[in-house]
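For reference, the structure is listed below as C-alpha cells.
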Amino acid sequence: MSVRVRFAPSPTGHVHIGNIRAAIFNWLFARHEGGAFLLRVEDTDLERSTPEAIATLLEVMEWLGLDFDEKPPMYQTSQRHRHLEAAEQLLTQGDAYRDSKGGEGEAVVFRIPFDTERIPGVVTVGPIDVPVHPDVPVTVSSKGVGYAGVSAKGTPAPGGACLAGCKDLQVFAADGTCLFSLAGKEEAILRGGESFTLPGATRLHFTRRTITYRDLVKGEMNKPLDSMRDVVIVRSDGSPVFHLANVVDDITQGITHIIRGDDHVENTFRHIMLFVCLGATPPAYGHLPMIVNAAGKPYSKRDGDAFVGDFRARGFLPDALFNYLTLLGWSPGDDREKMTRAELVEAFSLNRVQHASAQMDIQKLTNLNGQYIAELPEEDFFVRCRERLSEFEWGRELDEGLLRAVCQLMHSRLKVFADVEQWRYFFVDFPEYDAKVCAKQCRDDAVVAALRSLPTKLASVEPFTAAALEEVIAAAATAAGLAPGKLNQPLRAAVTGSGIGAGIFETLEVIGKERTLARLQAEKWLPQK
RNA sequence: GUCUCCAUCGUCUAGUGGUUAGGACAACGGGUUCUCAUCCCGUAAACAGGGGUUCGACUCCCCUUGGAGAUGCCA
C-alpha cells in the first residue's frame, strides 16, 4: 500500500514553527516514499478559523514550498456527519455510552474495549495489586472502576480506571476478605448496566494488560490499560471531540502514517482502539519531539517570535528556514547541514529523528540564511533587495544603477534581508550619525584637520573611483602626519555615520563625489564639545 | 499525586561495547584587511549523578535527579 500522510493544523492565523516543522517532516517523508502528502484543515474552532486564517495557512505552506496533493484540502467541518455517524456506530456496537457527568446534557463516551482480542498490541502482563483508600468506596460499573489511591501522606488521591484495565478484578478489605469479584459479572455490568459500590476496601487485585505499538521514531511504546480512562468523543452540546474527528478523518482519507508532535503520544493508544472499533486498520505512528524556546520551555504567546510569518517578515529565505528546521530534531547521519530539497528528500528517514526536544537557535538560522543569500544570483538578490527597501520611505524610488552597485558591494555581508535598513546612507543626502562612533574616530585634532582638508583634495579626483580615492586619501593622511590608513575609519564615520561597512574606497565610489563632499563639508560628524 | 516519554560541548547534532568522543552555530585567539562581514588557520567547550552487566561502557539494565507531555467534554 502506498504511503499517505497528512498535515492537519487548525488554522488560527499564525502558523507555529513547531507545527510547520511537523508539516515539513510529513512532506519529506511523503516525497521520500513517493507517497501522498495531504492537507486537512481542522477548522472546527469556528471562532478562530476565519477565511483570513485559512488563507494565511495556505500562503505559508506555499512560501515554504510545501505542496500538497489532492486539492482542495479537506475541511474538517465538512465531515461532521461522518463523525456523528461514527459515534452512533460505536454506540450501537456497545463500544460507547452516553454519560452526563459534568456537562449540560449527555456526552458520548468511548469505552476502552474490555474484549481486547481484537486490539492489536494488547498483551497481558500479569496480576497486580493496587492499594486504595478505605474512606472512599470503590465503584464498579460499565463506566469503569472508581477509587481513591493512597498518597504518600496517607490521604486519598484521586484515581480510577476504565473497566478494561481491571480484568479479573477482585476487591479486598483490610482483613483480607474479598468484597467483590468481577469474574462472571462482566456481561451483567457491560450490557445489563449493573453497578457496585464497595465501602471499606483497601486493595484492588487484577490482571494488568498493556497496549503496545511501535513508534516510527521512539520505538516500542506501551501503556497499562489501568492507567487509561474512557474518552469523551461527542460533547454534551453534540459537537465531535478532536479524538473522534481526527480518527474518522484519517480513516476517510486513508492515512497510512501519522507523523505529529510529541504531545500526542498518550492519545495514540486510544486512537488505535478507536481505529479498530470503527473497523479500520490503525496507521503507523511517528512522534516528533517538540521545539522549545531559548529558555528550554515550550513556546508561548510571550515568545512572539515563534510564528512562521515572523521569520518571513524578518527576511529569512524559505529554503534556509526549511533547511534549518529539518536540522532541528533530525540529521542525515553525516556532517552535511546545508542541503538542497532533493538531498533532504533523498536522505530523510523517521528513524533518524531525535527523541528529545530541540531548542531553536536563531544565530544558526541566521548563519545558514547568510549562506543561502550568498548563493543567490545577482539579479535575484537585486530584486529582493529592491522589494525590501521599498518598505522604507527613503527606499521607494531608488536609482537602479546605484542600487545595483550597492547590492554588489553589500551582497556578501547580508545575512537577513531586514538588515538592508542599514543601507540608508547610500541613498539619502545625509546619514544618521552614530554619535559614539564619531566621537571615537574624530576626537584627534589632527584627524579633524585632515578630514577638513579632504573636500578640496577629493574635488579634483576624476574619475571618482576606489583606486584613485585610495591614493589621494593615503596622501592626505600622510600630509597630516598620520600613518596611511589612519584616516580611513574617521572618514567612514564622517561620510556614512557608521563604524562598519564595506571597503571605504568602494563605499565612497558608490556614494559618489557630490554627496561625499557635501557630507564632509556639513561637518555633522564633528563631535559636540 | 499517577501515568507516559526524554537526557552527548552554551545550542543543533555524529556516535548503536573498544574513538585522541567528530562536525556545525555561537564564543575566544590568529591570518587576510582601512572597519565590519566573507574567507583561511587555531583554542576552549560535553557523555546529568549513582549503581550494576562486561575483559571493557557515551553506548545495555536498574535507581536518583532534572525536563517535557498526559491525566473524560482543548487541539
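Below, chains carry the letters A, B, ... as their sequence lines are ordered, and counting in each starts from 1. Note that the structure is a prediction, hence the values are computed from the model and not measured.
- Side chain of V232(A), nearest nucleotide from U35(B), C74(B), G72(B): G72(B).
- Between R336(A) and E346(A) there is no salt bridge, since no side-chain N of the basic residue sits under 4.0 Å from a carboxylate O of the acidic one.
- Listed pair R352(A) / G15(B) meets the phosphate criterion, a side-chain N or O lying under 4.0 Å from OP1 or OP2.
- Between A68(B) and C25(B), the distance separating the two C1' atoms is 25 Å to the nearest Å.
- Regarding L57(A), its CG atom lies at a distance of 15 Å from the C1' atom of A75(B), rounded to whole Å.
- When distances are taken from the side chain of H355(A) to each of C6(B), G10(B), C34(B), the shortest belongs to C6(B).
- Nearest to the side chain of F505(A), among U13(B), C34(B), G1(B), sits C34(B).
- E42(A) comes within 4.0 angstrom of sugar-phosphate atoms only, judged by non-hydrogen atoms across all strands, and of no base.
- C55(B) and G66(B) have their C1' atoms separated by 34 Å, with the value rounded to a whole Å.
- Between R384(A) and D380(A) there is a salt bridge, since at least one side-chain N of the basic residue sits less than 4.0 Å from a carboxylate O of the acidic one.
- Of the nucleotides present, U43(B) is the one that pairs with A27(B) by Watson-Crick or G-U wobble criteria, both distances under 3.5 Å.
- Checking U11(B), C6(B), G22(B) against the side-chain heavy atoms of D335(A) singles out G22(B) as nearest.
- For R492(A) and F505(A), the positive end is not near the middle of the six-membered ring at less than 6.0 Å and at most 45° from its axis.
- Rounded to whole angstrom, the span from the CG atom of L163(A) across to the P atom of G72(B) amounts to 18 Å.
- One finds no salt bridge joining K143(A) and D230(A) here, because no Lys/Arg side-chain nitrogen approaches an Asp/Glu carboxylate oxygen to under 4.0 Å.
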Every protein N/O lying under 3.5 Å from an N/O of nucleotides 36-38 of chain B:
| unit_1 | atom_1 | unit_2 | atom_2 | d |
| --- | --- | --- | --- | --- |
| C36(B) | O2 | R413(A) | NH1 | 2.7 |
| C36(B) | O2 | G501(A) | O | 3.2 |
| C36(B) | N3 | R413(A) | NH1 | 2.2 |
| C36(B) | N3 | G501(A) | O | 3.3 |

Protein-nucleotides 69-71 of chain B N/O pairs under 3.5 Å:
| unit_1 | atom_1 | unit_2 | atom_2 | d |
| --- | --- | --- | --- | --- |
| G69(B) | N2 | E266(A) | OE2 | 2.5 |

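- Here A14(B) presents its C1' atom at 13 Å from CH2 of W330(A), a figure rounded to the nearest Å.
- The P atoms of U2(B) and U13(B) are separated by 31 Å, rounded to the nearest whole Å.
- As a whole-Å value, the separation of L204(A) CG from U2(B) P is 17 Å.
- Out of A24(B), A26(B), A14(B), the shortest distance to the side chain of K364(A) is found at A24(B).
- In this structure, R40(A) pairs ionically with D249(A), as a charged nitrogen and a carboxylate oxygen lie closer than 4.0 Å.
- Straight-line distance from the CG atom of D237(A) to the P atom of C74(B): 9 Å, rounded to whole Å.
- A distance of about 46 Å separates the P atoms of G51(B) and C39(B), rounded to the whole Å.
- Of the candidate nucleotides A75(B), A7(B), G67(B), G67(B) has the atom lying nearest to any side-chain atom of K297(A).
- Comparing atom distances between the R492(A) side chain and each of A14(B), C34(B), C12(B) picks out C34(B) as nearest.
- Residue contacts shown for V231(A) are absent, as no nucleic acid heavy atom lies under 4.0 Å away.
- For M273(A) and G72(B), the CE to P distance is 17 Å, given to the nearest whole Å.
- Judged by distance alone with a 3.5 Å cut-off, a donor-acceptor contact links the side chain of D99(A) to the base of G72(B).
- Closest to the side chain of V241(A), from the set C73(B), C5(B), G1(B), is C73(B).
- Looking at heavy-atom distances under 4.0 Å, A358(A) makes contact with sugar-phosphate atoms alone, never a base.
- Rounded to whole Å, the distance from CD on Q363(A) to P on A24(B) is 16 Å.
- Legend: ring pair (Phe, Tyr, Trp, His ring centres under 6.0 Å) pairs involving residues 215-250 of chain A, not counting sequence neighbours, sorted by first then second residue: F242(A)-H264(A), F242(A)-H271(A), H243(A)-H271(A).
- Rounded to the nearest Å, the gap between the P atom of G1(B) and that of C12(B) is 28 Å.
- Aromatic rings of F348(A) and F25(A) (six-membered ring for Trp) have centroids within the 6.0 Å cut-off, being under it.
- To the nearest whole angstrom, the two C1' atoms, one in U19(B) and one in A57(B), are 13 Å apart.
- Between the CG atom of L491(A) and the C1' atom of U33(B) there is a distance of 16 Å, given to the nearest Å.
- Distance OG1/T496(A) to CD1/I511(A): 6.5 Å, rounded to 0.5 Å.
- The residues E375(A) and K338(A) are annotated as salt-bridged, a charged nitrogen and a carboxylate oxygen being separated by less than 4.0 angstrom.
- E337(A) and K364(A) are joined by a salt bridge, as a carboxylate oxygen and a charged side-chain nitrogen come within less than 4.0 angstrom of each other.
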